[in-house]
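Beneath this line is the structure, given in C-alpha cells, with notes to follow.
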Number of protein chains: 2
Amino acid sequence: MTGRKQSRKRGRVTLADVALAAGVSPATVSNAYNRHDQLSAELRARILETAHDLGYPGPDPAARSLRRGSVGAVAVLYSEYLSYAFLDPAAGHFLQGVARAMDEAGLGMLLIPHADGRSPVVSRAVVDGFILRSMPEDDAQVTEALARGLPTVVVDGPERAGLPFIGIDVEAAARGVAKHLLDLGHRRIAVVSFPLTSTPRSGPADLDLQRGATVRATRDRLSGYARALEEAGLSWSEVPVYECAHNSPEDGADAARVLLGHDPRPTAMLAASDQLAFGVIRAARALGLKVPHDLSVVGFDDVGPSEELGLTTVRQSHFDKGLQAGRALIALMRGEEVEPRSLLPTELVVRGSTARPREG
Amino acid sequence: MTGRKQSRKRGRVTLADVALAAGVSPATVSNAYNRHDQLSAELRARILETAHDLGYPGPDPAARSLRRGSVGAVAVLYSEYLSYAFLDPAAGHFLQGVARAMDEAGLGMLLIPHADGRSPVVSRAVVDGFILRSMPEDDAQVTEALARGLPTVVVDGPERAGLPFIGIDVEAAARGVAKHLLDLGHRRIAVVSFPLTSTPRSGPADLDLQRGATVRATRDRLSGYARALEEAGLSWSEVPVYECAHNSPEDGADAARVLLGHDPRPTAMLAASDQLAFGVIRAARALGLKVPHDLSVVGFDDVGPSEELGLTTVRQSHFDKGLQAGRALIALMRGEEVEPRSLLPTELVVRGSTARPREG
DNA sequence: TCACGGATCTGAATCGTTTCAGACAGGATA
DNA sequence: TATCCTGTCTGAAACGATTCAGATCCGTGA
C-alpha cells in the first residue's frame, strides 16, 4: 500500500469521484459500502478497488451522520472535581462498564469533563445520546445537554423527571456504615467529605455548607450519616465535617490531620470514599496512631487497594452502573422501553479498619 | 417560496423553522449563533428568544460539521489489552493529560478501545484527528485510522514516517533499570512481561514469542533488559520471561508464583510495569519472601502506590505524554509545524524494593 | 449634493452522503 | 404469450447547516 499522505483539504476525494471513476452512480458506491446485498459481488469489488486506488477514505462520517440522522457515539459527562477523572478507580470502573456496553453495540464514547459554566463541547458534540454521571444539580452543562433533546440517562444524579436514573440508595448505605461505627461503641466521630460545591475548597463545613452541596451523592452521604448519628442520640451539628477539594488520598490525609487535631480526638472517621479513606489511614499512621486500635476508619466504594488495606467500606459496583447506564441509553436510542429508576445493591463490607474504641 | 414544507418529518425544529418564525433569513439565524458581530444585538436577542420558544436545540452538530469541515473532537485509540483501560493508573494519567490539552482548545475526546480486527467505530468516528497510543505495529484499527487521512499523532508506537511521535527511550530506560540490578550483584533475574500479542495469553515466552511482540514498547523493554544482561556477560536466552495476559497486579502475581518456583530461585525480578510489580511483591510476600532481602523487584512507570510500597522503578510522566500528544495534534489540525519526534525524559528511581542479593 | 463606507441582512450555492421510488433485464410462473 | 418476480443499478431529492458575494439603508465628509 503506497498510502501517500495528502493534506489537500479542499481536494478531497468524495464518493462522487469514485462513482465517476468506476463508471457507476453514487448510489451504487454508497451501496457498496453500506448494503452489500444491493449489488453484485463483482461490481462491489471493482468499486472498492477503484476507491482504494483513488485514495478514497470511505464515506465522510459527518455527511453520513447528517443524512442518516444518527452518529454512532454517545457522550459521557462526568464531574471532574468529584471523580478526579481517570485517576479515581471508581470512575475507572464506571467508564469501563460504559465502554463495555458501547462495545457491545459498536458505538464510540465521547468524554466530556466537567467545566464550570458553559462549554461549546456539550452543545456541539456529535453524538446520539448522553450519560450524565454525578453532575451538580444545577449546572450549565447539564442544562445544555438536556436542551439537546437527545436520549439521556442519569447516573447518581441529578435525578430528573423523564430521565432514566441508575444509582444506589446512597443515604441508606451511608446510614448503614455509620451505624456500624455506632454499634461498635464510637461516639466521637468525624466526617471527611467530598467537595460540596463546584469551587474547589478544603476546610471545615458547617450545616449551611453541607445543605448547599450541589451533588446529590454528596448530600445523601451526609444525610445518611446524620440520620444514623441522630438515631443514636448524637447531635449532628456537633460532628466535625471536613470538605476536601478533591477526591484524592492526599486531600483525605490533609483532612485527617486537621480532624485528628481536635480535642477530644475522634475515635472514628467516616470517609465519603475509599480514596479519601486511604489518605485518612496514611495520615493516622504518620501521626503514630494505630488503625483500628486508635482510630477506626470506613470508606465508601470498595475499590482500589481497599481489600489489601483491610478497609471497612460500602461495596457498590461502579462497573455495573456503567454497564447498565450504557445499555439503558442504547435501549433508549432504539426507542425501547427503559426502567425509569433502578437501584443497584450495596453491601457493608467489614474488614480490619474498624474496631471498638479504645476506651469502649 | 416553497410553500410545501415537510420539515416535521423527524419532528425536529430546524434553523429554517426559526428563521421563518422570526421573519429573518436562515443566514441571519446562523449568524446569531456563530458570528455575533454580523447582526444587531436586538435582532440576535429576538432570534434566540424565538429559538427558545420553538424548542430549537441549536445548530445540528452533524450538519454543522459537514459544512464547516471540522468537528471539534479528536479520537484516542488505545490498546485495551495493554493498558487494561481505565484501571491502569498509567493510562489514567495519560488520558488526564490529553483531556487537559483538549480542554485548553475546547475540543472533545472520543475514546475508542482496541478491538481485534476491524471496528466500524474507527472509520465512522466523527472526529478531526487521531491519537494512537501503544497500538500493535500491524493492526486493523491503526490501518483504518490512517486511511482516514486525518491529522494523527502517535504515542509510544507504532512509529510511522510522517506521523509525529511522542514517547520515551524505552530501551535505554529498561537497560538502565536492569543494569541497576546487575550492579547490585544480581545474576539470577527473571522477567515479568506485558502481553506479547493481541491474543491474551499467560505463560513462559521463548525467544520467538518475544521477538514477535506486536507492541513496540513491549519489545523495547525486553531488548533493553536483554542488552544490559548480555553486557554483563549473561545469556539472555536462559533468562525466564513470563508473559502476562493483562497488565494487572493479579497477572503479575500469577507470573511471580511460577517464576519463584524455578530452581535455583531468581534473586531479582524485572517487571514491565508497576502494576505487574505490585503483583510480584504481593506474591512474594505471600510465599514468605522478604522484599528486597529475598527478592529484589523493579517496576516501570512510577505510578499508583509505588512510592508507598517503596518500589524501585523508572519514572516517566504519562500525563505529560498525553498533554504533549494532545497539543501536538491540535497544532497539526491547525496546520502548524510540529516536532516530528519528541522523547520525554525518564529517571531511574531507586527505592527500597531492591538490594544486594542475599548471597552477594 | 454626491459618492463612500460601514453596519445589517439576504439569496443561493454548497458540504458529502443516503434513500426511495423506479427502470431495466431476464427468468420463472401461469 | 402475458404476467410477475427478482436481482441490479440509477436519478434526484433530502439531511440541516454555513458562507460569501451582494443588496439596502444611512450617516458622513468633501
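Just so it is clear, the model here is predicted, and its values are computed rather than measured. The sequence lines fix the lettering, A, B, ..., with proteins before strands; numbering per chain opens at 1. Computation of the quantities below employed the complete heavy-atom set of this structure, encompassing side-chain atoms and omitting hydrogens, waters and symmetry-equivalent molecules.
Between B:R68 and the phosphate of D:dT18, there is no side-chain N or O to OP1/OP2 separation shorter than 4.0 Å. Remark: B:N34 is in phosphate contact with D:dT18, judged by side-chain N or O atoms under 4.0 Å from OP1 or OP2. Put simply, A:Y56 has a side-chain N or O that comes within less than 4.0 Å of OP1 or OP2 on C:dT17.
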- request: Please assess A:R64 against A:N34 for the test side chain to side chain contact (heavy atoms under 4.5 Å, CB included), listing each intermediate value before the final yes or no.
  value: CA-CA 11 Å; A:R64 175 198 177 86; A:N34 302 305; 3.0 Å; yes
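Under the side chain to side chain contact (heavy atoms under 4.5 Å, CB included) criterion, A:T28 pairs with A:V24, A:S25, A:L39, A:L43, A:I47, sequence neighbours left out. Partners of B:D103 according to the side chain to side chain donor-acceptor pair (under 3.5 Å) rule, which considers only residues two or more places apart in sequence or in another chain, do not exist here. The ring pair (Phe, Tyr, Trp, His ring centres under 6.0 Å) test applied to B:Y33 returns B:Y56, not counting sequence neighbours. A:P158 meets the side chain to side chain contact (heavy atoms under 4.5 Å, CB included) test with A:M135, A:E137, A:V142, A:V154, A:R160; sequence neighbours excluded. Residues satisfying the side chain to side chain donor-acceptor pair (under 3.5 Å) test with A:R124, not counting sequence neighbours, are none. Under the rule for a side chain to side chain contact (heavy atoms under 4.5 Å, CB included), the partners of B:Q38 that lie at least two apart in sequence or sit in another chain are B:N31, B:R35. Listed by chain and residue number, A:A16, A:D17 satisfy the side chain to side chain contact (heavy atoms under 4.5 Å, CB included) test with A:T14 (two or more places apart in sequence, or in another chain).
The side chain to side chain contact (heavy atoms under 4.5 Å, CB included) with B:F130 is formed by just one residue from the set B:L77, B:V74, B:L110; it is B:L77.
Nucleotide C:dT19 holds its C1' atom 14 Å from the CG atom of A:D37, rounded to whole Å. Regarding A:I47, its CD1 atom lies at a distance of 12 Å from the C1' atom of D:dT10, rounded to whole Å. C:dA7 atom P lies 15 Å from atom CZ of B:R35, rounded to whole Å.
No donor-acceptor pair under 3.5 Å is formed between the side chain of B:R44 and the backbone N or O of B:H36. Within the 3.5 Å criterion, the main-chain N or O of B:G129 finds no donor-acceptor partner in the side chain of B:R148.
Annotation: proximity of residues 14-28 of chain A to DNA chain D (heavy atom, distance under 4.0 Å) is found for A:V24, A:S25, A:A27, A:T28, numbered in ascending order. Listed by residue number, the members of residues 38-46 of chain A with any heavy atom below 4.0 angstrom from DNA chain C form an empty set.
Taking both residues in full, the closest heavy atoms of A:G106 and B:P120 are given as O-CG, 4.4 Å, listed atom of the first, atom of the second, then distance. For A:A75 against A:I112, the heavy-atom pair with the smallest separation is CB-CD1, 4.1 Å.
When the nearest nucleotides of DNA chain C are assigned to B:A63 and A:V29 by heavy-atom distance, the more 5′-ward of the two goes with B:A63. Positionally, the nearest nucleotide of DNA chain C for B:N31 lies more toward the 5' end than for the other of B:L66 and B:N31.
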Short heteroatom pairs, N/O only, protein and nucleotides 21-25 of chain D, under 3.5 Å:
none

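Five base pairs at each end of the helix from C:dT1-D:dA30 to C:dA30-D:dT1 define two local axes, and these are offset by 40° (rounded to 10°).
One can find a donor-acceptor pair under 3.5 Å joining the base of C:dT14 and the side-chain atoms of B:R67.
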Donor-acceptor contacts under 3.5 Å from residues 320-335 of chain B side chains, at least two apart:
{"residue": "B:D320", "atom": "OD2", "partner": "B:S317", "partner atom": "OG", "Å": "3.3"}
{"residue": "B:K321", "atom": "NZ", "partner": "B:D156", "partner atom": "OD1", "Å": "3.0"}
{"residue": "B:K321", "atom": "NZ", "partner": "B:D156", "partner atom": "OD2", "Å": "2.8"}
{"residue": "B:K321", "atom": "NZ", "partner": "B:Q316", "partner atom": "OE1", "Å": "2.7"}
{"residue": "B:R327", "atom": "NE", "partner": "B:E104", "partner atom": "OE1", "Å": "3.2"}
{"residue": "B:R327", "atom": "NH2", "partner": "B:E104", "partner atom": "OE2", "Å": "2.8"}

